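Have a look at the structure below before the remarks.
Not measured: the values here are computed from a predicted model. Side-chain atoms are counted along with the backbone in the values below, which use heavy atoms only and exclude waters and symmetry mates. Proteins come first, then strands; the chains are lettered A, B, ... in the order of their sequence lines, and each starts at number 1.
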Protein chains: 4
Amino acid sequence: MTESIGARQAGVRRNREALLAAAAAVFVEQGVQAPIRDIAGRAGVGLGTVYRHFPSRAELVTAVYRHQIEECVALADALRQEPVAPGEALARWIDAFVEFLVTKHGLGVALQSEDPSLHTLHTLMLDELVPACAALIEAGVAAGDIDPEVTAYTLMRAVGNLCILGPGYERAHARDMVARLLAGCRPTR
Amino acid sequence: MTESIGARQAGVRRNREALLAAAAAVFVEQGVQAPIRDIAGRAGVGLGTVYRHFPSRAELVTAVYRHQIEECVALADALRQEPVAPGEALARWIDAFVEFLVTKHGLGVALQSEDPSLHTLHTLMLDELVPACAALIEAGVAAGDIDPEVTAYTLMRAVGNLCILGPGYERAHARDMVARLLAGCRPTR
Amino acid sequence: MTESIGARQAGVRRNREALLAAAAAVFVEQGVQAPIRDIAGRAGVGLGTVYRHFPSRAELVTAVYRHQIEECVALADALRQEPVAPGEALARWIDAFVEFLVTKHGLGVALQSEDPSLHTLHTLMLDELVPACAALIEAGVAAGDIDPEVTAYTLMRAVGNLCILGPGYERAHARDMVARLLAGCRPTR
Amino acid sequence: MTESIGARQAGVRRNREALLAAAAAVFVEQGVQAPIRDIAGRAGVGLGTVYRHFPSRAELVTAVYRHQIEECVALADALRQEPVAPGEALARWIDAFVEFLVTKHGLGVALQSEDPSLHTLHTLMLDELVPACAALIEAGVAAGDIDPEVTAYTLMRAVGNLCILGPGYERAHARDMVARLLAGCRPTR
DNA sequence: CATGAATGAGGGTTCATTCAT
DNA sequence: TATGAATGAACCCTCATTCAT
């Protein structure tokens, strides 16, 4: 009996995971506005199951990206402990963030969307990612590597935008542009 | 007779202009994918009138932005004639481009959209804007103000992306980020 | 003054004729349900002009075919005077009718349509063509060439239907089928 | 569990059947081009349900008529086994075909329509009905009852056309005309 | 009389969301 | 819990028809 409950719970969790994977894949192919039905189909579950696990599209989007966002936060913490120059730390972190953004393409668009249904994602970024980035920037400023005018939120939005890809503007281009933006964030004297 | 025909033509033109204005406004509020009905309603005309003037959404979008695009092109030509340092000329031009983008916000999104219906707009940019920008960059490279690696298309896409605004990331922020990106486009030695 | 009135009237008539020609052509290409605009465009006149001359689609359709219908009537009269066997006369007349129907293709469909807007056409056929045909049949019956059961209206409807062409069922097939139908209308003894 | 699934499946099937019945009725009244909404309304279901069951109009049309088409095919097979004269067999089969056509009136029009959306129906007829008819004709030709010039496809198109009814041209008339057409298909000597 | 711009009803189609099983 | 059938709002687009000039 206990076992069957455990088995059921495992099934539930498996469904949730399958949905997250399917959603991530579909978001890459069609963007975050893809039909829910496509995600259900890809995950091999019914439509109702999607709604049960993620009552709103926003919750699904958020869940899909939360893990990576948390990884980014963790990386920021780690980099702050390491004995690297603060400017270098920030650069590496931004690199990781870019990697995250261009891999899950579609997120760039999502992050800047004013669509209220994606508000949660926005909040998540504000609450988690911005402070992490801010700490790195602060250190960079203190070390004279970064212009004190630069704010974490603005920089991240900018980086997010630069990672919106399209035909003729691919990963490498985004990476290059981000690098130049960062270069432009050094203090002007 | 001529007068009445003139009056009719004036009415037609007024409608067309009203539609362009309405479309521009609606695009700002809802993006370029806004329902055609909304645009018709805002312009105070029937649905059919929109289709008469702009048989496809792409034509409407293009018409809305064509004027400003042409202004940008003209400005680039003018700046090349002026006795300013090439780097300065590019900076001023990019400023004007940013102004254009942040004013008609929604265009940033439109420019990077892969939606085939917006292909025309993309083409317009490719055919008109990119060469104009390329000429300025070339001059900047020759003068040693700009890194030869920088290409016009990539830079414009990047600037376009940086001009996708949102709450907490307003015009001023976009302007600042673009300025820093441009700073990062100076030759590294 | 009188002249200019004459000139105007001539212009009006010319428009009417152009419209009939255009409508005939468009009906052949697209059927009798073709957009009025297409007909106006083909005739080189404005939309309003079509509506002035032919307030309803039915009137236009009727006008287009009236001439040919009258020709058919005249032919029937002529054939009755000629010294041919009545059966032969009917056959020849049906031949002409078929020719008319398959040339103006789309009419077959129009003739059998229950669309109330085409009611006039139906009436025209009933009033003009049916009596003409009936006279020929009557003579044929009298001569023992035609089964007395056969009625003009039914036969004409049948012939009309057999002349609805389509891919794989072309003029020649229609002609052949009509000939066989006619053969089947001989008296059974 | 099995029961409730069974109940659901039954409901689905009932819906499907209701749709087929509604479509058949609406086709009779308005023709196969009737608005999908009307069919949905008549069946008492939502619009989406029609699209779920029959993604395209063609599929709905085909489904409506498929059963009868298959019956016709089966009848042809049966008649070939029976000890009747081939000419008689063909006549009986054509009778059944006519019955089918005049009952589902609207199909006559559908069968001759060039509308690409009805292509499937056409194909169905070509693939199923024509061979069935051809076999009967062949036997008739061999027995000297049928003119070898007659082809199945042409004959069926002709019969189909003759079964397009209208006011003043009802079932009985169609039946009579078809009989005469068939009579005209005997060998001419 | 002729013109053609404007209108808006009408019909197709998609998809988010609910809910009975 | 999971399923997926059903619903219907929302968009798209076409064209018949009117009417000011």
Side-chain angles (χ1 to χ4, degrees), chain A residues 5 8-9 11-12 15-16 33-38 40-41 43-53 55-57 117, chain B residues 1-16 19 33-38 40 43-53 55-57 117, chain C residues 5 8-9 11-12 15-16 33-41 43-53 55-57 117, chain D residues 1-16 19 33-40 43-53 55-57 117:
Chain A
I5 287 179
R8 174 149 4 151
Q9 284 178 341
V12 171
N15 263 345
R16 198 189 145 84
Q33 301 299 344
I36 297 286
R37 194 179 295 274
D38 287 9
V45 304
L47 250 181
T49 306
V50 184
Y51 280 93
R52 164 171 299 277
H53 284 281
S56 76
R57 179 186 295 274
S117 78
Chain B
M1 193 64 163
T2 304
E3 254 178 45
S4 57
I5 287 180
R8 171 142 26 140
Q9 285 177 340
V12 171
R13 160 156 317 219
R14 218 174 312 119
N15 253 342
R16 197 191 145 84
L19 273 170
Q33 300 299 346
I36 298 287
R37 255 196 221 332
D38 287 8
V45 304
L47 240 186
T49 305
V50 183
Y51 282 97
R52 159 178 293 277
H53 286 282
S56 75
R57 178 187 296 276
S117 80
Chain C
I5 287 179
R8 174 146 8 149
Q9 285 178 340
V12 170
N15 263 346
R16 197 188 147 83
Q33 300 300 344
I36 298 286
R37 193 178 295 274
D38 287 11
I39 295 165
V45 304
L47 250 180
T49 305
V50 184
Y51 279 94
R52 165 171 299 276
H53 284 281
S56 77
R57 178 185 296 275
S117 79
Chain D
M1 193 66 162
T2 303
E3 255 179 46
S4 56
I5 287 179
R8 170 141 28 137
Q9 284 179 341
V12 171
R13 159 155 317 219
R14 219 173 309 120
N15 253 341
R16 195 191 147 85
L19 273 170
Q33 300 299 346
I36 299 286
R37 267 183 178 74
D38 288 7
I39 295 166
V45 303
L47 244 184
T49 305
V50 184
Y51 282 97
R52 160 177 295 277
H53 285 281
S56 76
R57 178 186 297 276
S117 80

* If you look at every heavy atom in D/T49 and D/L19, which pair is closest and at what distance? -> O-CD1, 4.0 Å

* If every non-hydrogen atom of A/A40 is compared with every non-hydrogen atom of A/V50, which pair is closest and at what distance? -> CB-CG2, 3.6 Å

* Asked: Want to settle it: does B/S56 or C/S56 sit nearer the 5' end of DNA chain F, counting the closest nucleotide to each?
  -> B/S56

* Structure fact -> By nearest-nucleotide position on DNA chain F, the 5'-leaning member of B/R37 and C/I36 is B/R37

* **D/R16 side, atom CZ; D/Q9 side, atom CD - distance, nearest 0.5 Å** => 13.5 Å

With a 4.0 Å cutoff (strictly under), does any side-chain N or O of [X] reach OP1 or OP2 of [N]?
| X | N | answer |
| --- | --- | --- |
| B/H53 | E/dA5 | no |
| B/T49 | E/dT7 | yes |
| B/R57 | F/dC12 | yes |
| A/N15 | F/dA2 | yes |

* Test item: C/R52 side-chain N/O and C/L47 main-chain N/O as donor-acceptor pair under 3.5 Å -> no

* Asked: Is a donor on one side and an acceptor on the other found under 3.5 Å between the side chain of A/R57 and the backbone of A/A34?
  -> yes

Send over the distance from [X] [atom1] to [N] [atom2], rounded to a whole Å.
| X | N | atom1 | atom2 | answer |
| --- | --- | --- | --- | --- |
| D/R14 | E/dA20 | CZ | P | 15 Å |
| B/Q33 | E/dT14 | CD | P | 17 Å |
| B/R52 | F/dT17 | CZ | P | 17 Å |
| C/R16 | E/dC1 | CZ | P | 12 Å |

* Pairwise 5' ranking along DNA chain E for B/G11 and A/P35, keeping only the more 5' one -> B/G11

* Toward the 5' end of DNA chain E, which comes first, D/P55 or C/G48, by nearest nucleotide? -> C/G48

* Should A/H53 and A/V12 be marked as a side-chain contact (heavy atoms from CB on, under 4.5 Å) after you check the CA-CA gap, both sets of side-chain angles, and the distance that decides it? -> CA-CA 9 Å; A/H53 284 281; A/V12 171; 3.6 Å; yes

* Looking at F/dC12, E/dC15, F/dT18, which one has an atom nearest to any side-chain atom of C/Y51? -> F/dT18

* Structure fact -> Encoded 5' to 3' (Watson-Crick or G-U under 3.5 Å; [ ] crossing; | other strand), DNA chain E becomes .||||||||||||||||||||

* Hey, does A/L47 reach any base, or is it just sugar-phosphate, or nothing, if we go heavy atoms under 4.0 Å? -> base

